[in-house]
2 protein chains.
Amino acid sequence: MTAIPEEPAWRQRAVERSTRAAKQRAEQRVQRFLDAAQELIAEKGTTDFTVQEVVDRSKQSLRSFYQHFDGKHELLLALFEDALSTSAVEIREATSGAGEPLPRLRIAVEMLFEQSLPNPGVQRPLFSDFALQLLVKHPAQVATAHLPLLTLFTELLEQAAEAGSIHADKPRRLAALVMQTVMFAAQANGVPSDSHAHPVTADEVWQFCLGGISGA
Amino acid sequence: MTAIPEEPAWRQRAVERSTRAAKQRAEQRVQRFLDAAQELIAEKGTTDFTVQEVVDRSKQSLRSFYQHFDGKHELLLALFEDALSTSAVEIREATSGAGEPLPRLRIAVEMLFEQSLPNPGVQRPLFSDFALQLLVKHPAQVATAHLPLLTLFTELLEQAAEAGSIHADKPRRLAALVMQTVMFAAQANGVPSDSHAHPVTADEVWQFCLGGISGA
DNA sequence: ATGCGGGTGAGAATAACATTCTCATTCCAT
DNA sequence: ATGGAATGAGAATGTTATTCTCACCCGCAT
């Protein structure tokens, strides 16, 4: 449609070359923002730091921040996706060793549970804090961010189903259910006031999910 | 300790009498705020109305609003507790008729699922929208608000356990798990973008929970 | 009647933030 | 070296919640 054959290849290459450096610099700046935000999250335990704080800590400027991010929301989203994606990688590694499908699934569930716990000291508040805000306002982006984990769990369920360990009609939906159950159960934990009432353990969650995926 | 016998009973009664009217007026005002907020929630489908809007609609004043509520948060909390409490009553009624414990539990699960869906037109956004914010910032209050439902589900589980339909070691924790699973599964639904991916149905959720509570 | 006190209305003032804007400066590919 | 893009510094704007000021009204004890 808008193809312009006159556009010589060399020009594209030139532009590309001159662009590459700029892109690198931009990525560095973005990374500095991301790092600063991580630190703040780790320190404060929540995601309600100020954009100004991020800017100050990264020794850059508001101007620059908004040049690289659409807003605080985009920054958090980037961190969130990254965290979930990393988590998926970790769990995948831990479950990639040989072994029966069901025990591997169990490991996955328990890892996800622990990583979703409120404050194991690290920058995990992303799982809880921001995830929930996002769930309300931008569910589509949550779906995207969940994708790596969802894929992983779907695979594990399919493998278990092939091995005949469980019944898995619609592995994808089941995977989604399991993930939600695990993550929110963890979320609702570690809270002083209601922990006396129902401090669910990783094992209980696993038993529950196991029953759920095994079929009644 | 600070008992003052000189305080004549008639004075107390007099004060009480003169107080009663004031209290009534206060309750009326509070109710007007609550009603106005309900309307706004129903209309806008979210809880991010302005305090000013509530004030305007209820034809009162900011001054008065903060006289009766500690803040917007308290207002939402009141509505939230009310909604969950009402929901518990409805579900309890629907499941109080005679019948096997398990089918009754199923009804409860399906009702809760439907009531937790994003926007069935009514003022249900409280379940999703505000509940999640609350879960992050004030988990204790969430626990309180959940209590009526938690009690109901615990009872249903216990009855099913007595009838031998399921294994229920720790009914309270199981009840909490079931509630969370159901409510969040519903929450993650009804969203255009990820509904193509995993539009979980009430029945699927029930099957999952049934498996979970039946034991592996 | 009168004056007192608490609740009320109207709306300005404050406070925290996110986001945008201005302008001067710096950086960089040509 | 130079023009255009990126950046820094920080002021300006906009939105909300929350608080404050002041005038008013109403019930009631003297």
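All chains are named by letter (A, B, ...) in the order of the sequence lines, taking the proteins before the strands, and each is independently numbered beginning at 1. Both backbone and side-chain heavy atoms feed into the values below; hydrogens, waters and symmetry mates do not.
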**Student:** Calculate the interatomic distance between B/Phe65 atom CZ and D/dT16 atom P; express it in whole Å.
**Tutor:** 15 Å
**Student:** Can the positive tip of B/Lys72 be found less than 6.0 Å from the middle of the six-membered ring of B/Phe49, inside 45° of the ring normal?
**Tutor:**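 Checked: cation-pi criterion met.
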**Student:** How long is the line joining CD of A/Glu53 and P of C/dA16, in whole Å?
**Tutor:** 13 Å
**Student:** B/Phe49 near the nucleic acid: base, sugar-phosphate alone, or nothing, with a heavy-atom cut-off under 4.0 Å?
**Tutor:** sugar-phosphate
**Student:** If I take atom NZ in residue B/Lys59 and atom C1' in nucleotide C/dA10, what distance separates them, rounded to the nearest angstrom?
**Tutor:** 15 Å
**Student:** Using whole Å, what does the distance between atom C1' of nucleotide C/dG9 and atom OH of B/Tyr66 come to?
**Tutor:**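 Checked: the OH to C1' distance equals 16 Å.
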**Student:** State whether a side-chain donor-acceptor pair under 3.5 Å links B/Glu90 with B/Gln115.
**Tutor:**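 On atom types as modelled, these side chains qualify, holding a pair under 3.5 Å.
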**Student:** Tell me whether A/Lys23 is salt-bridged to A/Glu27, with the criterion being a basic N under 4.0 Å from an acidic carboxylate O.
**Tutor:**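 Looking at A/Lys23 and A/Glu27, the cut-off is not met.
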**Student:** Are side-chain N/O atoms of B/Gln67 and B/Arg29 paired as donor and acceptor at under 3.5 Å?
**Tutor:**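 Note: B/Gln67 and B/Arg29 side chains miss the donor-acceptor criterion.
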**Student:** Which of these nucleotides, C/dG9, D/dT19, C/dT19, is closest to any side-chain atom of B/Leu62?
**Tutor:** D/dT19
**Student:** Specify the separation, in whole Å, of atom CG of B/Asp70 and atom P of D/dT18.
**Tutor:** 9 Å
**Student:** Run the numbers on B/Arg104 and B/Glu155 for salt bridge (Lys or Arg N to Asp or Glu O under 4.0 Å), then give the verdict.
**Tutor:** CA-CA 11 Å; B/Arg104 295 198 297 161; B/Glu155 289 174 17; over 6 Å; no
**Student:** Between A/Gln60 (CD) and D/dT7 (C1'), how many Å, whole number?
**Tutor:** 9 Å
**Student:** Does the A/Lys137 side chain pair with the main chain of A/Leu132, one donor and one acceptor, at a distance under 3.5 Å?
**Tutor:**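 Side chain of A/Lys137 to backbone of A/Leu132, a donor-acceptor pair under 3.5 Å: no, none is there.
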**Student:** Would you tabulate the nitrogen or oxygen pairs shorter than 3.5 Å linking the protein to nucleotides 5-8 of chain C?
**Tutor:**
{"residue": "C/dT8", "atom": "OP1", "partner": "B/Arg29", "partner atom": "NE", "Å": "2.3"}
{"residue": "C/dT8", "atom": "OP2", "partner": "B/His68", "partner atom": "NE2", "Å": "3.3"}

**Student:** Rounded to the nearest Å, what distance is computed from the CG atom of residue B/Asp56 to the C1' atom of nucleotide C/dG9?
**Tutor:** 12 Å
**Student:** Roughly, in whole Å, what's the span from CD in B/Gln52 to C1' in D/dT19?
**Tutor:**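 Between C1' of D/dT19 and CD of B/Gln52: 14 Å.
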